[in-house]
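Chain naming here is simple, since letters A, B, ... match the order of the sequence lines and numbering starts at 1 in each.
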Protein chains: 2
Amino acid sequence: MSQTVDRALSILPLLAEGPADLGGVAERLGVHKSTALRLLRTLHEHGLVYRQSDQRYRLGARLISLAQEAMENLDVREIAHPHLVRLNEQVGHTVHLAVHEEDEVLYIDKVESRYPVRMYSRIGKPVAITVAAVAKLLLADLPENERRSVAEQLDYPMYTARSTPNADGFLKELAKVREQGWATDLGGHEESINCVAAPIRGADGRVVAAMSVSAPNVVVTAEELLTLLPLVRRTADAISGEYSGRTPVKEVTA
Amino acid sequence: MSQTVDRALSILPLLAEGPADLGGVAERLGVHKSTALRLLRTLHEHGLVYRQSDQRYRLGARLISLAQEAMENLDVREIAHPHLVRLNEQVGHTVHLAVHEEDEVLYIDKVESRYPVRMYSRIGKPVAITVAAVAKLLLADLPENERRSVAEQLDYPMYTARSTPNADGFLKELAKVREQGWATDLGGHEESINCVAAPIRGADGRVVAAMSVSAPNVVVTAEELLTLLPLVRRTADAISGEYSGRTPVKEVTA
DNA sequence: TGATGCGTTGCAATATCTGCAACGACCATT
DNA sequence: AATGGTCGTTGCAGATATTGCAACGCATCA
């Protein structure tokens, strides 16, 4: 809606790919160098981009700290955290909390496994939306038409042989997840890693977040992991209760 | 330099304080509601702000994932990470990696303590710049005049009785740190937590990052923690070597 | 049902941004 | 040491995108 701002903001994802010099930015933006310069300067003043010693631009520290604050404002996260920690103490494996927003599902909290073999993931990182158990729960809760349109827009990378291959399969999986009220990812993202997940609901019953327990095959088999399901669900329900109690209807994700 | 962009970007820190409605944003920006609306819309299109179900705006998920990518591009982080993990395996305590940029020092990586009592911190969070051991190392490396001007601009909150009280004390501390080549924080931020830190240098000898080991009093005394200093320094030096070997002169922070 | 508050839209005025061209700094090459 | 090339930077005049206004629609609430 605002051309100038639109252009300026387009610089950010561009720099997220890696540092770039003025000319490069101008070219990819399709504007004159002088224009790019002025935009970059403005971004720089706000700390969103940083100028390295070789004069090239990259994303700045302010962006990182803003994102940090953004996460700390999420009410679910705050409420859920102690529950995640407790669950982690009980089961030992990695515990994740994720939310859905627009077209992304991302981890907003994590408690690391106590086992030496750990799964790679990072708070703030978008999750593999077509296979992750938490993503299935979050998308399964969307109204039918949205679910369909989202499913059709997605890419379906075959991370492993068990990855969801296409929109059809994904929609079926979502239907199942929606009905049973929990989800799994059995080697769909990484061959040797399994997850079980449960939804966290707001006062209106809608899913506002999802949590999961993940563990590699070498630590526990998928069957063993599934025995934790009741515990995971109980934890999620406890968070739901506390969350809906504390917040009227409004707030957070969707 | 660009008014529109400047205004748009000013919305971000404002929303970082918490969700706000259109009127609120317009007022704090000092512009007409319609203007604020258009700016917010543009930010929204880029996913930097999100509109909650109660119509209020808050920071969006895209911001978080951008920040994530920003960190993953930092070369030091990538090189340092395995070393941090190894150090954590050896000593068990929390290990941090931090960089300095403009007026902030922030953690860009962290390996959690294996002990149950953990220190609170979070990747991307700006550190307490006047007391943290890593901050001292990063600032101590600045040229004298910059060091002075930074020191004088800072606030000196008394987190504990041992916090650095003022610019003078801070500059003295920086001088000491600069000379000895390592730093500590003994209860300056939280009464019961101590840290030892060492600098990571680029090929030109300048400090590009700093790493620390932190542990609460209840786990090890300050004296015991200090015995880890040689190990921490060796680790930092190893990272320095690898980092300066791999990168000409340029790149990263300053 | 009327009133208040909030978000939204179309429009005309003008302040703001754009692209150009020229400049200066720096580097590499000869 | 001089030359050519690359890249970032600046001032300017024209063009265009942005602004604030006022009116509207839509809620909620009395």
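Residue-level contact check: Ser34(A) touches the bases, meaning some heavy atom is under 4.0 Å from a base atom.
Of the side-chain N and O atoms in Thr4(B), none sit less than 4.0 angstrom from OP1 or OP2 of dT18(D). The phosphate of dT18(C) has OP1 or OP2 within less than 4.0 Å of a side-chain N or O from Arg7(A). Contact check, Ser2(B) against dC17(C): a side-chain N or O comes under 4.0 Å of OP1 or OP2. In this model, the phosphate group of dC17(C) is not approached by any side-chain N or O of Arg41(A) to a distance below 4.0 Å at OP1 or OP2. Checking the phosphate oxygens (OP1, OP2) of dG7(C), no side-chain nitrogen or oxygen of Arg56(B) falls inside 4.0 Å. The side chain of His32(B) contributes an N or O atom lying less than 4.0 Å from OP1 or OP2 of dC21(D).
One atom, CG of Leu39(A), and another, P of dA17(D), lie 14 Å apart when rounded to the nearest Å. For the pair Asp21(A) CG and dT6(D) P, the computed distance is 13 Å after rounding to whole Å. Rounded to whole Å, atom C1' of dT6(D) lies 12 Å from atom CG of Leu22(A). With rounding to whole Å, Lys33(A) atom NZ is found 7 Å from dG8(D) atom P. The interatomic distance linking Asp6(B) (CG) with dT19(D) (C1') rounds to 16 Å, in whole Å. When rounded to the nearest whole Å, the span between CE of Met1(A) and C1' of dT16(D) equals 16 Å. One can place CD of Gln3(A) at 11 Å from P of dT16(D), the figure rounded to the nearest angstrom. One atom, CD of Glu27(A), and another, C1' of dG8(D), lie 16 Å apart when rounded to the nearest Å.
Counting only distance, with no hydrogens or angles, the side chain of Arg77(A) and the backbone of Ile108(A) share a donor-acceptor pair below 3.5 Å. A donor-acceptor distance shorter than 3.5 angstrom exists from the side chain of Ser10(B) to the backbone of Asp6(B), with no hydrogens or angles considered.
For Thr35(A), whose side chain is taken as the heavy atoms from C-beta onward, the closest listed nucleotide among dG8(D), dG19(C), dG7(C) is dG19(C).
One donor-acceptor pair, N or O on each side, does fall under 3.5 Å between the base of dG19(C) and the side chain of Arg38(A).
Relative orientation of the His44(A) and Tyr50(A) rings is parallel, given thresholds of 30° and 60° on the angle between their planes.
For the pair Lys125(B) and Glu72(A), the salt-bridge criterion is met [side-chain N within less than 4.0 Å of a carboxylate O].
If Gly23(A) and Val5(A) are placed on DNA chain D by their nearest nucleotide, the residue sitting closer to the 5' end is Gly23(A).
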Side-chain donor-acceptor pairs under 3.5 Å in residues 133-146 of chain A, sequence neighbours left out?
unit_1, atom_1, unit_2, atom_2, d
Lys136(A), NZ, Glu173(A), OE2, 3.1
Lys136(A), NZ, Thr184(A), O, 2.7
Asp141(A), OD2, Arg206(A), NE, 3.2
Asp141(A), OD2, Val207(A), N, 3.0

